[in-house]
There are 2 protein chains.
Amino acid sequence: MTVIPALTPDQLSLLADAFRLLGDPTRLRIVMHCMDGPRSVGAIACELGLSQPLVSHHLRLLRTARLLRAVRQARHVFYTVSDHHISHMIADLAAHMAEKTTDQDAAQHP
Amino acid sequence: MTVIPALTPDQLSLLADAFRLLGDPTRLRIVMHCMDGPRSVGAIACELGLSQPLVSHHLRLLRTARLLRAVRQARHVFYTVSDHHISHMIADLAAHMAEKTTDQDAAQHP
DNA sequence: CTGACGTATCAATGCATGTTTATATGTCAT
DNA sequence: ATGACATATAAACATGCATTGATACGTCAG
């Protein structure tokens, strides 16, 4: 029973957008990969086995939503998780999933 | 730079699913509404101005993903957030959004 | 300036999913 | 059992979006 600070419709929309962006496995992998330190677009594409345009597209979405931050360095653009809240939240939930892999079929109807 | 406990593909998928479910504004409203205490399907539909089948459909998804927990009581089925991690995570990010509503257009390209 | 490299954009496609309408299942009173 | 209420399911429709392939933009070396 946690108290929520009564969001405006705009804030709710932003919050949902953040969750929605993290809801795609490809994007989630990208974000989590950027949590280990700054990564260039090409490095992400290579290390995760994704096409470069796809990575760039997702990075644009994540950057626009301020989940990732871009820094240009010579010809490369390095991406980092922009906010500690984001990293912590993902890490917490990831840990929670990692320990609680009882994984019994979750389809019990009341 | 937060460390992630190296998820398996299954765990990654589950994590992304959780985020994806929270990524829909309607579902997010439902979940946040259930954080104030147990709510029946009809109450949720009425108080959030949604159709009953739509609420039931979303509740099914949230229940299957173990984000919400259902308890039958007479003719009513009450839904609650099943895990403290979930509530805390949403509350934290909601607070983070609520304070950081500078809301300048986030489209600065490097 | 020209070429090579890294990144970003664009158009097209195919699949996933949120919503509605109608109907079924289940539970309690009389 | 019958009727009323609460919830769940099904089919149909519409929309959104992830992915690909081709191409354009920007940056540095020679």
Side-chain angles (χ1 to χ4, degrees), chain A residues 9 12-13 15-34 38-65 67-80 106-110, chain B residues 9 12-31 33-34 38-65 67-80 106-110:
Chain A
L12 179 89
S13 186
L15 184 57
D17 281 346
F19 280 129
R20 183 177 51 79
L21 288 175
L22 296 175
D24 180 70
T26 301
R27 272 194 300 260
L28 185 56
R29 286 177 69 205
I30 292 176
V31 172
M32 292 177 75
H33 200 67
C34 290
R39 306 282 170 174
S40 72
V41 180
I44 297 171
C46 176
E47 290 162 13
L48 297 185
L50 304 169
S51 76
Q52 180 271 321
L54 181 58
V55 172
S56 185
H57 173 239
H58 286 312
L59 287 174
R60 182 175 125 88
L61 298 176
L62 294 166
R63 168 173 24 98
T64 302
L67 291 177
L68 292 187
R69 187 158 179 70
V71 172
R72 171 137 237 157
Q73 203 160 355
R75 287 181 246 185
H76 299 256
V77 177
F78 291 91
Y79 283 83
T80 324
Q108 90 282 28
H109 295 187
Chain B
L12 180 87
S13 185
L14 286 174
L15 184 58
D17 281 346
F19 280 129
R20 182 175 51 79
L21 289 174
L22 296 175
D24 180 69
T26 301
R27 273 193 302 260
L28 185 56
R29 286 177 68 205
I30 293 176
V31 172
H33 200 66
C34 290
R39 307 282 170 174
S40 72
V41 180
I44 297 171
C46 176
E47 291 161 12
L48 296 185
L50 303 169
S51 76
Q52 180 271 321
L54 181 58
V55 172
S56 185
H57 173 239
H58 285 313
L59 286 174
R60 182 174 126 86
L61 297 175
L62 294 166
R63 169 175 20 100
T64 302
L67 291 177
L68 292 187
R69 186 159 179 69
V71 172
R72 172 137 237 158
Q73 203 160 355
R75 287 182 247 184
H76 298 256
V77 177
F78 291 91
Y79 282 82
T80 324
Q108 89 283 27
H109 294 188

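Throughout, a chain's letter reflects where its sequence line sits, starting with A, and its residues are numbered from 1.
Contact annotation: A:Ser51 does not reach the phosphate of D:dT19 (side-chain N/O to OP1 or OP2, under 4.0 Å). In this structure, A:Tyr79 does not reach the C:dG6 phosphate: none of its side-chain N or O atoms is under 4.0 Å from OP1 or OP2.
Judged purely by distance below 3.5 Å, without hydrogens or angles, the side chains of A:Arg69 and A:Tyr79 never pair a donor atom with an acceptor atom.
Atom CZ of B:Arg39 sits about 12.5 Å away from atom CG of B:Leu68, to the nearest 0.5 Å.
Across D:dT9, C:dT19, D:dA18, the shortest atom-to-atom separation from the side chain of B:Arg60 is found for D:dT9. Of the listed nucleotides (C:dC5, D:dT19, D:dT7), D:dT7 has the atom at the smallest distance from the side chain of B:Ser40. Among D:dT19, C:dT27, C:dG18, the nucleotide with an atom closest to any side-chain atom of A:Thr26 is D:dT19.
B:Asp24 has its CG atom 12 Å from the C1' atom of D:dG16, to the nearest Å. Taking atom CZ of residue B:Arg29 and atom P of nucleotide C:dG18, one finds them 15 Å apart after rounding to whole Å. The separation between B:Arg20 atom CZ and D:dA18 atom P is 11 Å, rounded to whole Å. In this structure, B:His58 atom NE2 and C:dT17 atom C1' are separated by 9 Å, rounded to whole Å. Straight-line distance from the CG atom of B:Leu54 to the P atom of C:dT17: 15 Å, rounded to whole Å. Between the P atom of C:dG6 and the CD atom of A:Glu47 lies a distance of 14 Å, rounded to the nearest Å. The interatomic distance linking B:Arg72 (CZ) with D:dT7 (P) rounds to 8 Å, in whole Å. In this structure, A:Asp17 atom CG and D:dG16 atom P are separated by 13 Å, rounded to whole Å.
Side chain of A:Arg29 to main chain of A:Leu48: a donor-acceptor pair is present (N/O by atom type, distance under 3.5 Å, no hydrogens or angles). Panel note: side chain A:Arg27, backbone A:Leu21; a donor-acceptor pair is recorded below 3.5 Å.
A:Ser56 comes within 4.0 angstrom of a base, heavy atoms only. Residue contacts shown for A:His57 include a base, since a base heavy atom lies under 4.0 Å away.
When each of B:His76 and A:Arg75 is assigned the nucleotide of DNA chain D with its nearest heavy atom, B:His76 is the one assigned upstream, toward the 5' end.
With sequence neighbours left out, A:Arg20 forms a salt bridge (Lys or Arg N to Asp or Glu O under 4.0 Å) with A:Asp17.
Applying the 3.5 Å distance criterion, the base of D:dA6 shares no donor-acceptor pair with the side chain of B:Gln52.
Between A:Ile30 and the choices A:Leu61, A:Leu59, A:Val41, A:Leu54, the side-chain contact (heavy atoms from CB on, under 4.5 Å) rule is met once, by A:Leu59.
One axis for each end of the helix from C:dC1-D:dG30 to C:dT30-D:dA1, each built from five base pairs, and the angle between them comes to 30° at 10° resolution.
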